[in-house]
Amino acid sequence: MDSLIIGAGGFVGSYLIQELMSAGKSVGATKLPHESIRIGGCEVFDLDLAKEHEIRMLLQTHRPAQIYHLAAQSSVAVSWKDPELTVDVNIKGTLHLLEAIRSVEDYYPRILLVGSGEEYGYLRGGACPIAETEALHPGNIYAVTKACQNMIGSVYARAYGMGIVMVRAFNHIGVGQSPQFVAADFALQIAEMEAGFRAPVMKVGNLAAKRDFSDVRDVVRAYALLMEKGRAGDTYNVGSGHAVSIQELLDILLDQSTESIAVEQDPARMRPSDVPVIEADVTKLREDTGWYAEYPLEETLRTMLNHNRRNFGVPVK
């Protein structure tokens, strides 16, 4: 097996499977029992990261040359509501995976640990765009767990000579993303309004926060390039290199809508803590891999909105 994707049942997994298979790689993917992966040619396994012996057995049997670690509790909002779950999946799950790899005799795979731009958190003045050398000041529970994952990966790479490359991925969006995330939520609400299933009133949280949004297809291409060309023990930002406000994101979608939509703040959508601006410096990624973004934000958002329109029988614009 060329590549194994841990936690492929989520949003990013199917895109990464398709990216790797299009490059001619044999791909395996793990998921939770309630999840489904239906991509022809991909070998699928149920795996619980809480059970290190299950991970070890899978690795001993298939010995993948590359391991992409996507498994995570990835919602900031959920991390506030269930911090224990977030710690169990994001920190303990990573430790179980790395220890399982170490336990397999004469086995030295390349490993990509996927973290988050949220790790940088509250920034000093003038720190944006954020380089990988910037000090971490995580501002939420999810970000804390991902910062810890990154530190663990760095220690294991240095102490045990493991081929671990770490990623801090900034916000990525696309068709299939859960409406727990802001772009998917807005696109779904607008399609429901156009279909007549919802009053034309958009419920929103903090619109002032600025985030670095990328198309998920650009992101998985960066992952594949980093697996091949990234330096073991190093961390790489993956993002567009340009932050936009949630207000701007919303405005792009509203401009694409056929409805006249009012906007109302919903206190339930506000977070206890929100970092004002997060924007990636992707110079290191570009220099080491030659990566560049292919999909503009407006196109990605239109694709997401049109996908929801089709689901509700609304004409595509």
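Hydrogens, waters and symmetry mates are skipped; everything else that's a heavy atom, side chains included, is used.
- Cation-pi contact between R168 and Y236: absent, since separation from the ring centre below 6.0 Å together with deviation from the ring axis within 45° is not met.
- S79 and Q73 form no side-chain donor-acceptor contact under 3.5 Å, judged by distance and modelled atom types alone.
- Of the inter-residue distances, the one linking T300 atom OG1 with Q177 atom CD reads 11.0 Å to the nearest 0.5 angstrom.
- Nearest heavy-atom pair across V216 and G174 is CG1-CA, 4.3 Å.
- For the atom pair CG (D88) and CD1 (I91), the distance works out to 9.0 Å, reported to the nearest 0.5 Å.
- For residues 101-113, the set of pairs meeting the side chain to side chain donor-acceptor pair (under 3.5 Å) definition, not counting sequence neighbours, comprises E99-R102.
- Here the shortest heavy-atom pairing between D46 and K31 reads OD1-NZ, 2.6 Å.
- Between S240 and F213, the closest side-chain pair of non-hydrogen atoms is not below 4.5 Å.
- The distance from the CD atom of E192 to the CZ atom of R198 is 4.5 Å, given to the nearest 0.5 Å.
- Between L49 and A71, the closest heavy-atom pair is CD1-CB, 3.5 Å.
- Considering only heavy atoms from C-beta on, I173 comes within 4.5 Å of M304 through its side chain.
- Formation of a donor-acceptor pair under 3.5 Å by the Q149 side chain with backbone atoms of V114 is found in this model.
- V238 is not connected to I6 by any chain of hydrophobic side-chain contacts under 4.5 Å among Ile, Leu, Val, Met, Phe, Trp and Tyr, and they are in different clusters.
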Start with the C-alpha gap between K284 and N237, add the side-chain angles, then the distance that decides, and say whether side chain to side chain contact (heavy atoms under 4.5 Å, CB included) holds. CA-CA 8 Å; K284 184 176 177 181; N237 289 336; over 6 Å; no
Do D255 and I252 pass the side chain to side chain contact (heavy atoms under 4.5 Å, CB included) test, and can you show the C-alpha distance, the side-chain angles, and the key distance before you say yes or no? CA-CA 5 Å; D255 286 344; I252 292 170; 5.8 Å; no
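- In the hydrophobic cluster analysis, where Ile, Leu, Val, Met, Phe, Trp and Tyr join through side-chain heavy atoms closer than 4.5 angstrom, I101 is grouped apart from M151.
- R221 forms no cation-pi arrangement with Y15, by the criterion of a distance under 6.0 Å to the ring centre and an angle within 45° of the ring axis.
- In summary, the aromatic rings of F45 and H62 are positioned with their centroids under 6.0 Å apart.
- Rounded to the nearest 0.5 angstrom, I261 CD1 and M202 CE are separated by 5.0 Å.
- Judged purely by distance below 3.5 Å, without hydrogens or angles, the side chains of S36 and R38 pair a donor atom with an acceptor atom.
- F11 and H172 have parallel rings, their planes meeting at less than 30° on a 0 to 90° scale where 60° marks the start of perpendicular.
- In this structure, V104 is a member of the same hydrophobic cluster as I164, with clusters built from ILVMFWY side-chain heavy atoms closer than 4.5 Å.
- Side-chain atoms of D281 never come within 3.5 Å of backbone atoms of P129 as a donor-acceptor pair (strictly under, hydrogens ignored).
- Of all non-hydrogen atoms in V316 and R309, the two that sit nearest each other are CA-CD, 4.4 Å.
- Checked by atom type and distance alone, the side chain of E35 pairs as donor or acceptor with a backbone atom of L32 at under 3.5 Å.
- A heavy-atom distance below 4.5 Å is not found between the side chains of E19 and R217.
- Looking at T145, its side chain never comes within 3.5 Å of a backbone N or O of N90 through a donor-acceptor pair.
- By the 4.5 Å heavy-atom criterion applied to side chains, T30 and I5 are not counted as neighbours.
- Proximity of a side-chain donor or acceptor of E118 to a complementary backbone N or O of A143 within less than 3.5 Å is not detected.
- Between L97 and H69 the shortest side-chain heavy-atom distance falls below 4.5 Å.
- Side-chain atoms of D212 come within 3.5 Å of backbone atoms of G241 as a donor-acceptor pair (strictly under, hydrogens ignored).
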Applying side chain to side chain contact (heavy atoms under 4.5 Å, CB included) to R63 and M1, what does each step give before you reach the verdict? CA-CA 7 Å; R63 300 180 74 89; M1 181 183 291; over 6 Å; no
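- Closest approach of S178 to A184, counting heavy atoms only: O-CB, 3.4 Å.
- Cation-pi geometry between R286 and Y292 is not met at under 6.0 angstrom from the ring centre and within 45 degrees of the axis.
- S26 places a side-chain N or O within donor-acceptor distance of the main-chain N or O of D2, the cut-off being under 3.5 Å.
- Checked by atom type and distance alone, the side chain of N150 never pairs as donor or acceptor with a backbone atom of K146 at under 3.5 Å.
- Under a hydrophobic clustering in which Ile, Leu, Val, Met, Phe, Trp and Tyr are joined whenever their side-chain heavy atoms come within less than 4.5 Å, directly or via other members, Y295 and L301 fall into different clusters.
- For Y68 and Y223, the ring centers are positioned 6.0 Å apart or more.
- Between I37 and I17, some side-chain heavy-atom pair lies under the 4.5 Å cut-off.
- The hydrophobic cluster containing L285 also contains L70, counting ILVMFWY residues as joined when their side-chain heavy atoms lie under 4.5 angstrom apart, directly or transitively.
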Where do E279 and I130 land on the side chain to side chain contact (heavy atoms under 4.5 Å, CB included) test, with the steps shown first? CA-CA 6 Å; E279 179 179 278; I130 311 162; 5.5 Å; no
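- At distances below 3.5 Å, not a single donor-acceptor pair connects side-chain atoms of W80 with backbone N or O atoms of Y142.
- The side-chain heavy atoms of I246 and N206, taken from C-beta on, include no pair separated by under 4.5 Å.
- From H96, atom NE2 reaches atom NE2 of H53 across 11.0 Å, with rounding to the nearest 0.5 Å.
- Taking the charged nitrogens against the carboxylate oxygens, E264 and K203 do have a contact shorter than 4.0 Å, which makes a salt bridge.
- A 4.5 Å side-chain heavy-atom check between L112 and V167 finds at least one atom pair inside the cut-off.
- Listed here is the closest heavy atom pair of I67 and P64: CG1-CG, 4.0 Å.
- Remark: the backbone N or O of L297 is not paired with any side-chain donor or acceptor of D215 at under 3.5 angstrom.
- When L254, L253, T258 are each tested for a side-chain contact (heavy atoms from CB on, under 4.5 Å) with Q256, only one passes: L253.
- Annotation for E84: atom CD does not count as buried by contact number, only 12 or fewer foreign heavy atoms lying within 6.0 Å.
- Rounding to the nearest 0.5 Å gives a distance of 11.0 Å between OG of S260 and CE of M193.
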